[in-house]
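Sequence positions, counted from 1, serve as the residue numbers for this chain.
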Amino acid sequence: MKSHVFSSTDHACMSLALQLAEKGLYSTSPNPRVGCVIAHDGLVVGSGWHERAGHPHAEINALNAAGTTARGATAYVTLEPCSHHGRTAPCAEALIEAGIARVVAAMQDPNPLVAGGGCALLKQAGIEVQTGLMGAEATALNIGFVARMTRKRPWTRMKIAASLDGKTALNSGASQWITAEPARRDGHRFRARSCAVLTGIGTVLADDPQLTVRHVETSRQPLRVVVDSRLDIPVDARLLRGGGELVFTATASERKIVALRDVGAHAIVLPDENNKVDLVRMMQTLADFEINEILVEAGRNLNGSLIHAGLVDELVIYLAPCLIGDAARSMLKLPELTDLAEKRALKIHDLRMVGSDIRIIARFS
């Protein structure tokens with residue numbers, strides 16, 4: 001790829017476009033978060049972001065704001081303009097019709113339906129096209145969309161609240177509350193940005209959680225997904241009250257499947273050779289449902305199984321300044337290692353205090 005020298009104006013405009021894109025953090029699913037700034041001679045004449053799937057894309061909102069001043073201007077877009085007809089018309093064609101002279105895209109669209117096609121269309125129309133400005137920031141903003149498009153499974157983020165000695169609950173199962181309210185509110189931000197929240201039947205039976213976003217403002221609720229090999233979930237479970245929930249199971253019980261359907265939930269039978277839920281196929285199925293980011297909020301068994309299967313990308317761990325003791329429940333159930341060389345390596349991505357608790361974000365390397 002040809003390297004470009006970008007000016008300070010280019011950096012400033014793309015930085016603004018990324019800030020605009022972030023406004024769609026909780027609302028654009030399953031679409032990517034995209035921002036667009038249109039500038040003429042260094043002066044911003046229009047800007048916009050993609051607010052919700054099915055609504056106008058960022059480029060269209062920016063062009064509408066710019067009006068006739070878009071002619072001869074530069075469009076800064078955090079993602080390559082689309083070139084295909086989806087829920088909306090191609091943005092590349094709109095930029096051409098508006099008379100844009102130059103397009104700077106932070107990153108190429110990983111969607112195979114676009115994947116360079118938007119830039120090619122712009123170049124064919126005589127528009128100068130440059131890519132790669134602040135690409136890492138743009139990729140991070142759409143980490144789930146990129147994961148789904150490039151590897152056919154969502155970005156999977158596992159949230160765990162624990163004591164300093166790594167315990168998530170008493171031996172009795174009592175766990176409310178180990179961490180303080182600021183950490184719980186922070187956890188709801190991760191729920192809000194996720195397309196789905198995943199838990200196991202053990203958590204449902206023990207806690208009857210809602211798994212909804214409540215502590216932060218959001219315009220939509222994530223899809224709720226349960227792993228339940230034997231279809232033990234009660235049809236009056238609180239997380240089944242929204243409608244549309246998914247229950248992955250290894251048991252083809254027609255009676256229970258119909259009972260779940262009657263309350264608006266959908267059972268998907270995906271058994272593995274051990275008559276457990278095939279977790280790899282489950283993640284592939286969730287990608288087919290256009291799930292970009294999943295937040296796992298489960299117990300030690302499902303947490304361990306997902307990690308052991310290599311299906312977790314990121315851990316978000318809140319550590320409370322307390323000790324619970326050896327008999328309490330641990331964060332993960334993983335096979336015993338006989339050699340430290342077999343340990344699973346992680347890279348600390350972020351470390352900070354959230355209220356009185358420590359938040360660690362770590363990614364598998």
**OP:** Sequence neighbours left out, what pairs pass ring pair (Phe, Tyr, Trp, His ring centres under 6.0 Å) with at least one residue falling in residues 268-303?
**Re:** none
State plainly whether the residues [X] and [Y] are in salt-bridge range, i.e. N to O under 4.0 Å.
X: K159; Y: E293; value: no
X: D10; Y: R102; value: yes
X: D165; Y: K167; value: no
X: D350; Y: R352; value: yes
X: R153; Y: D313; value: yes

Any non-hydrogen side-chain atom of [X] less than 4.5 Å from a side-chain atom of [Y]?
X: S253; Y: L231; value: yes
X: L170; Y: R329; value: no
X: T74; Y: V103; value: no

Subject >> Sequence-distant partners of T68, side chain to side chain contact (heavy atoms under 4.5 Å, CB included), two or more places apart >> reply: none
Subject >> Face-on cation placement of R148 at W155 ring, 6.0 Å and 45° thresholds >> reply: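 Checked: cation-pi criterion not met.
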Atom pairs and distances, side-chain donor-acceptor, residues 197-208, under 3.5 Å, sequence neighbours left out:
unit_1	atom_1	unit_2	atom_2	d
T199	OG1	E297	O	2.7
T203	OG1	G299	N	3.4
D208	OD1	R238	N	2.9

Original post:
Under 3.5 Å, is there a donor-acceptor pair between the side chain of R33 and the main chain of L25?
Top reply: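 Yes, R33 side chain to L25 backbone: donor-acceptor pair under 3.5 Å.
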